Amino acid sequence: MYWADSVVSNLTGDQLVSTGISPSGPIHVGNMREIITGDILYKASLDRGLKSRFIYLCDDLDPLRKVYPFLDSSYAKYVGVPLSYIPSPDGNGKYSDYFLKPFLETLQKINVNVEVISTTGLYKTGKLADAIDTAIKNRETIRKIMHEIAGYDLDESWYPYEPRCSKCGKINSSHVISYEYPYVHYKCEYCGNEGTSDIRTDDGKMPWRVEWPAKWYSLGVTIEPFGKDHAAAGGSYDTGKEIARQVFHINPPVPLMYERILLKGVGVMHSSTGISIPASEVVKFAPPEILRFLIAKNDPSRHIDFDPGLGLLNLIDDYEKIENAYFGLEKPNNENYKRIYEMSRIKILNAPEKINFRHIVNLIQIYKDDTSLLEALRRSGYNKEYIDQALRDEIETAKYWLDKYAPDNIKFSLSTKHIDLSEKEKTILSEFLNSVSGIEWTSENIHNVIYDIIGRNKIPPKDGFSLFYRVFIDRERGPRLGYFLANLDRNYVISRIKDLL
RNA sequence: GGGUCCGUAGCUCAGCUAGGUAGAGCGAUGGACUCUUAAUCCAUCGGUCAAGGGUUCAAAUCCCUUCGGACCCGCCA
């Protein structure tokens with residue numbers, strides 16, 4: 001059974017799938033596993049006929065942990081201050097929104113319709129006040145759970161609440177002196193300020209290990225995917241589920257641990273080390289369904305090696321295979337192909353997309369203007385009189401990929417360079433000109449003509465083919481020749497050869 | 001120290017939450033053919049399912065142990 005269907009197979013009643021990513025920096029491909037896994041679970045739950053919701057909790061009341069490499073040193077003063085209370089690196093609005101915005105735009109593109117909930121907002125509107133009150137009143141129980149399950153040694157003065165200092169703004173520097181609903185009295189160790197927090201607003205927050213089950217409780221979360229870092233023994237899921245049971249008296253959500261996405265040949269992605277690709281970047285160089293596909297087709301417990309270079313083309317081929325199989329045009333290569341396709345596709349189609357990505361990658365290297373590109377596309381089966389938005393997007397995507405991620409050996413450009421030819425080579429090209437004027441301009445015909453000429457002249461095929469590549473793209477190898485020339489205008493081909501003879 | 005995942009053909013992996021004849025793609029080999037940004041078609045070869053033990057009429061599949069690999073957690077989330 002498909003992994004997502006398996007997770008929801010025993011559930012009954014209303015479901016709430018919850019995900020969360022901190023907007024402390026650029027949200028990268030690795031983070032996308034959280035949200036897309038959540039989306040797939042949500043869809044699987046709906047497909048099972050369960051009334052379901054899907055939320056993304058944006059942890060924007062979390063403090064800035066440190067001055068990340070992508071921040072300038074002026075951010076030192078904001079370390080410890082919640083992300084929603086720090087100015088954006090570009091000077092407009094909040095820090096958290098700066099990183100959230102491109103992420104949300106990406107979600108649009110990959111058809112993830114999630115309710116975005118700001119954690120700051122949750123606190124501010126008092127939605128977590130009941131949970132905070134309960135947690136504080138049961139702080140002995142929580143302390144015990146933390147000790148027994150996680151090995152934490154929290155002293156008796158510990159409170160499951162971190163006040164936000166009203167003077168310096170830091171949320172991780174105060175200790176609680178006393179609590180009387182709804183007020184927490186604290187002293188800030190950083191600036192010495194003594195103050196009062198109202199738990200009915202965002203004057204402070206619960207520490208993560210308490211906040212997580214508090215969210216389950218306050219929102220009614222029933223399904224939650226999370227990274228393996230939370231899944232270790234004694235980790236936050238372990239303590240969270242006990243706090244859920246003993247303190248909040250609820251059942252913890254069905255967990256789904258997922259592995260990381262690694263960059264092929266590089267390793268784990270970290271915003272801090274610079275080896276990461278922002279999610280907003282991926283949808284610029286890959287069709288949007290491919291990002292979904294990457295995550296939908298792999299079992300969450302398996303890590304994913306993401307290769308934005310040549311591997312991307314193979315991934316796209318793989319997707320096209322599954323799409324074709326879905327429409328009965330090809331034999332499936334995966335027993336879950338139907339579900340994988342349904343979870344990956346961006347919109348429902350009646351037939352597979354016609355234009356192959358590799359094909360576009362080749363065509364845009366030949367045709368630099370829309371008119372000739374459109375002509376070439378129409379020759380290869382595209383049947384609109386204009387370049388529609390979907391095709392336009394695909395072209396832009398392919399261009400961007402070629403420019404930034406494609407390996408050199410698949411790049412080429414039409415050559416106008418003069419090259420010196422031997423007599424033998426001139427003979428071959430002349431014969432080609434003679435044969436080619438009368439044929440139908442198809443890849444097969446062209447290939448046959450060339451093959452015949454090469455054979456007749458008794459030269460090694462390799463040399464014969466590379467001659468044509470030298471003439472047209474100034475390289476020794478290239479795309480399949482018949483296919484390639486068929487995509488060029490016949491008159492162009494003829495005149496280019498004539499120029500050289 | 002603890003945890004998760006992985007180990008099945010030369011390679012990448014499927015099969016494992018219904019235990020019932022060991023699978024696919026690629027590669028290799030042979031053949032056809034038009035060397036082609038991973039050409040196409042046909043055929044063949046190829047596995048003690050990491051190892052050991054247990055449960056069972058029956059184990060790649062369930063349980064235990066060991067070995068090897070990757071990753072995660074250890075008071076940050």
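Letters A, B, ... mirror the listed sequences (proteins, then strands); counts begin at 1. In this text, all values refer to a predicted model and were calculated from it rather than measured experimentally.
Using C1' as the reference atom, B:rU61 and B:rG54 are 15 Å apart when rounded to the nearest Å. Straight-line distance between the C1' atoms of B:rA22 and B:rU55: roughly 23 Å, to the nearest whole Å. One C1' atom belongs to B:rU56, the other to B:rC13, and the distance between them is 29 Å to the nearest Å. Separation of the C1' atoms belonging to B:rG31 and B:rG68 is 42 Å when rounded to the nearest angstrom. Comparing B:rA58 with B:rG20, their C1' atoms are spaced 7 Å from each other, to the whole Å. When the P atom is used for both B:rU44 and B:rC49, the distance is 24 Å, rounded to whole Å. Nucleotides B:rA18 and B:rC64 place their C1' atoms 23 Å apart, quoted to the nearest Å. B:rU12 and B:rA51 have their C1' atoms separated by 24 Å, with the value rounded to a whole Å.
Each of A:Gly464 and A:Ala233 was assigned the nucleotide of RNA chain B with the nearest heavy atom; the assignment lying further toward the 5' end belongs to A:Ala233. Each of A:Met257 and A:Phe412 was assigned the nucleotide of RNA chain B with the nearest heavy atom; the assignment lying further toward the 5' end belongs to A:Met257.
Judged as a ring pair (Phe, Tyr, Trp, His ring centres under 6.0 Å), and not counting sequence neighbours, the contacts of A:Tyr483 are A:His359. For A:Glu34, there are no salt bridge (Lys or Arg N to Asp or Glu O under 4.0 Å) partners, not counting sequence neighbours. Remark: A:Asp5 pairs with A:Met1, A:Tyr2, A:Ala44, A:Arg339 by the side chain to side chain contact (heavy atoms under 4.5 Å, CB included) rule, at least two apart or across chains. A search for side chain to side chain contact (heavy atoms under 4.5 Å, CB included) contacts involving A:Ser88 returns A:Asp90, A:Tyr98, not counting sequence neighbours. Every residue meeting the side chain to side chain contact (heavy atoms under 4.5 Å, CB included) condition with A:Gln365, not counting sequence neighbours, appears here in chain and number order: A:Val361, A:Asn362, A:Leu402, A:Lys411, A:Phe412. For A:Trp3, the ring pair (Phe, Tyr, Trp, His ring centres under 6.0 Å) test picks out no residue, with sequence neighbours left out. Residues meeting the side chain to side chain contact (heavy atoms under 4.5 Å, CB included) test with A:Lys368, sequence neighbours left out: none.
Side-chain polar atoms of A:Gln15 and A:Thr222 form a donor-acceptor pair below 3.5 angstrom.
A:Ser22 comes within contact range of no nucleotide atom at all, as no heavy-atom separation falls under 4.0 Å. Using a 4.0 Å heavy-atom distance criterion, A:Tyr469 is classed as a base contact. Residue A:Asn448 is in base contact, counting any heavy-atom pair closer than 4.0 Å across all strands shown. Across all strands shown, A:Phe484 has no heavy atoms under 4.0 Å from either base or sugar-phosphate atoms. Using a 4.0 Å heavy-atom distance criterion, A:His303 is classed as making no nucleic acid contact. In this structure, A:Gly234 reaches neither bases nor backbone, as no heavy-atom distance under 4.0 Å exists between it and the strands shown.
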Within the sub-3.5 Å range, which N or O atoms of nucleotides 64-67 of chain B have a protein N or O partner, and how far apart are they?
none

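Computed from coordinates, the A:Ile316 CD1 to B:rA38 P distance equals 13 Å when rounded to whole Å. Distance, A:Tyr451 OH to B:rU34 C1': 6 Å, rounded to whole Å. Following rounding to the nearest Å, A:Ile171 (CD1) and B:rA77 (P) show an atom-to-atom distance of 11 Å. Note: CZ (A:Arg209) to P (B:rA77) measures 8 Å, nearest angstrom. One interatomic measurement links the two molecules: CH2 of A:Trp208 to C1' of B:rC73, which rounds to 14 Å at whole-angstrom precision. Here B:rG74 presents its P atom at 10 Å from NE2 of A:His230, a figure rounded to the nearest Å. Rounding to whole angstrom units, CD of residue A:Glu259 and C1' of B:rC5 are separated by 6 Å. A:Tyr337 places its OH atom 15 Å from the C1' atom of B:rA24, with the value rounded to the nearest Å.
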Inset, instruction - Between protein and nucleotides 11-18 of chain B, map the contacts as a letter string: B base, S sugar-phosphate only, - none, heavy atoms under 4.0 Å, written 5' to 3'. - result: --SS--B-
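Counting only distance, with no hydrogens or angles, the side chain of A:Arg245 and the backbone of A:Pro252 share no donor-acceptor pair below 3.5 Å.
Sequence neighbours left out, the pairs with a member in residues 221-236 of chain A that pass salt bridge (charged side-chain N to carboxylate O under 4.0 Å, His left out) are A:Lys228-A:Glu259.
Checked against the 6.0 Å centroid threshold, A:Phe99 and A:Tyr95 count as a close aromatic pair. You'll find the ring centres of A:Tyr159 and A:Tyr161 outside the 6.0 Å limit.
Among the duplex regions that RNA chain B forms, those built from at least three successive Watson-Crick or G-U pairs under 3.5 Å are B:1-7 with B:67-73, B:10-13 with B:23-26, B:28-32 with B:40-44, B:50-54 with B:62-66, ordered by first number.
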Using a 3.5 Å cut-off and no angle test, enumerate the donor-acceptor pairs between side-chain atoms of residues 448-455 of chain A and protein atoms at least two apart in sequence or in another chain.
residue	atom	partner	partner atom	Å
A:Asn448	ND2	A:Glu444	O	3.3

Inset, instruction - Given side chain to side chain contact (heavy atoms under 4.5 Å, CB included), test A:Asp317 with A:Glu320 step by step and report yes or no. - result: CA-CA 5 Å; A:Asp317 282 349; A:Glu320 288 173 354; 4.1 Å; yes
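Glycosidic conformation at B:rA38 (O4'-C1'-N9-C4 for purines, O4'-C1'-N1-C2 for pyrimidines): anti, more than 90° from 0.
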